[in-house]
Amino acid sequence: MTKHISKFQAAEGGLALTNAILLYSSGEQLGRPREAFASIHEVEHLDGQPVIAAGTPLTREHLRRWTEALGKALAPEILPDNVLVSHPDMLAWWVPEQVRTSYFALSRPAATLKALAQRTTLPLPYPAHLFVATRSGLGVYALPANKRPCPDTQLLFSPVLNVYINGSLCWGNIRKPKALNIAAIPEYERAVFDSWSTHPNAGQEMTVTGKGGLVALWDDLAARKAQRFPVRRLKPFNAGKPKGAPITFGQLIAGAGA
């Protein structure tokens, strides 16, 4: 095996491929590798083609040097007021309550519905919402007050249909944003608010209090042409666990980043 020297090579006018990192694992458990190993290799160029040379075990020193080098490529960014967490693997932000154009096309409308029995587009009120986008999906939660949440803010189930009771969006045929950055926030919000509501997901009807379920609540708001969502009818978010305790914004972020 050749002696390895990690280096960063800048070609004239740009960057050149100099190293490769290979990851090995023995399978996954709970979404994480049971055992893992990584090696770092120099990249040689033979007849104009890059070839991965023999490598050495990846060390913390390698990671530190590459992290410093990669960090220099990220331009400083001013965060909008509504952004709560900005991380390479997570973006969290909130949106205030608002009357929005809503799209309903229920697959199995009940005969008792007054306004949503047919495919329709109409304005409806939504409570303030929290969004948490990660590499694996989008979390959608309602907020108890129309203001920026703090770590102790207790989250509520979102009344948006097509959301699982664990808080994640059911993408279906919705196009997923390719980027995880502030510029992609409008794409994530359109995925939630500008998609057709076709059905409540399993257990979602029971995420509201009072008479009737979630669809009946939306139907009543539509029939009354309500201008404000009754936040008091949303149950505390507990990830859909029967005996689960209500979850705060701080707990959610800590768990998502674990």
Side-chain angles (χ1 to χ4, degrees), residues 1-80 82-93 130-140 164 166-192 250-258:
M1 182 176 293
T2 60
K3 182 179 179 181
H4 169 75
I5 301 175
S6 178
K7 63 184 179 183
F8 311 107
Q9 177 181 336
E12 184 176 356
L15 302 175
L17 178 61
T18 60
N19 292 86
I21 293 176
L22 302 183
L23 303 176
Y24 307 81
S25 71
S26 59
E28 291 189 349
Q29 185 174 32
L30 300 177
R32 297 184 178 184
R34 283 197 292 263
E35 293 180 281
F37 175 79
S39 59
I40 186 167
H41 304 249
E42 290 191 351
V43 174
E44 300 174 348
H45 295 267
L46 303 176
D47 298 326
Q49 297 298 319
V51 177
I52 298 177
T56 60
L58 185 69
T59 66
R60 291 182 182 275
E61 175 62 16
H62 291 134
L63 292 175
R64 184 186 65 76
R65 294 184 61 189
W66 279 101
T67 299
E68 290 178 356
L70 293 171
K72 294 176 182 176
L74 297 176
E77 189 174 21
I78 298 176
L79 301 180
N82 65 325
V83 172
L84 305 164
V85 177
S86 180
H87 181 274
D89 295 321
M90 181 194 300
L91 184 66
W93 70 100
L130 167 72
F131 295 98
V132 180
T134 65
R135 300 289 177 189
S136 60
L138 176 65
V140 185
Y164 294 111
N166 68 359
S168 62
L169 177 67
C170 173
W171 288 93
N173 59 0
I174 303 173
R175 178 177 296 180
K176 294 183 179 180
K178 295 181 179 178
L180 183 61
N181 54 35
I182 292 172
I185 285 179
E187 289 184 70
Y188 284 104
E189 293 183 4
R190 284 195 294 271
V192 174
Q251 291 171 328
L252 180 77
I253 296 302

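For the numbers below, each heavy atom of this structure counts, side chains included, while hydrogens, waters and symmetry mates do not. Residue numbers start at 1 and run along the sequence shown. Everything numeric in this text was worked out from a predicted model, so none of it was measured.
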* For Ala92 against Ile253, the heavy-atom pair lying closest together -> CB-CD1, 4.2 Å
* In Å, rounded to the nearest 0.5 Å, how long is the span from CG of Leu22 to CG of Leu58? -> 10.0 Å
* **Glu61 vs Arg64, salt bridge (Lys or Arg N to Asp or Glu O under 4.0 Å): CA-CA, chis, key distance, verdict** => CA-CA 5 Å; Glu61 175 62 16; Arg64 184 186 65 76; 2.7 Å; yes
* **Heavy-atom pair of closest approach, residues Val43 and Ala20** => CG2-N, 3.9 Å
* With Ser86 via side-chain hydrogen bond (donor to acceptor under 3.5 Å, both in side chains) - residues at least two apart -> none
* Structure fact -> Closest non-hydrogen atoms of Pro186 and Ala183, given as atom of the first, atom of the second and distance, are CD-O, 3.4 Å
* CG/Leu91 to CG/Leu79 distance, rounded to the nearest 0.5 angstrom? -> 9.0 Å
* To do: Return the minimal non-hydrogen interatomic distance between Ala179 and Ala184, and the atom names on each side.
  => O-CB, 3.7 Å
* Structure fact -> Rounded to the nearest 0.5 angstrom, the CD1-NE2 distance for Ile21 and His62 is 8.5 Å
* Asked: Yes or no on side-chain contact (heavy atoms from CB on, under 4.5 Å) for Thr134 and Asp89, after CA distance, side-chain angles and deciding distance?
  -> CA-CA 6 Å; Thr134 65; Asp89 295 321; over 6 Å; no
* To do: Output every pair passing side chain to side chain donor-acceptor pair (under 3.5 Å) with a member in residues 166-187, not counting sequence neighbours, ordered by first then second residue.
  => Asn166-Ser168
* Asked: Say you draw a straight line from CD of Glu42 to CG of Leu17; how long is it, rounded to the nearest 0.5 Å?
  -> 11.5 Å
* **Pairwise distance CG(Leu180) to CD1(Ile185) - rounded to 0.5 angstrom** => 9.5 Å
* Asked: Of the non-hydrogen atoms in Trp93 and Leu138, which two are nearest, and what is the gap between them?
  -> CH2-CD1, 4.3 Å
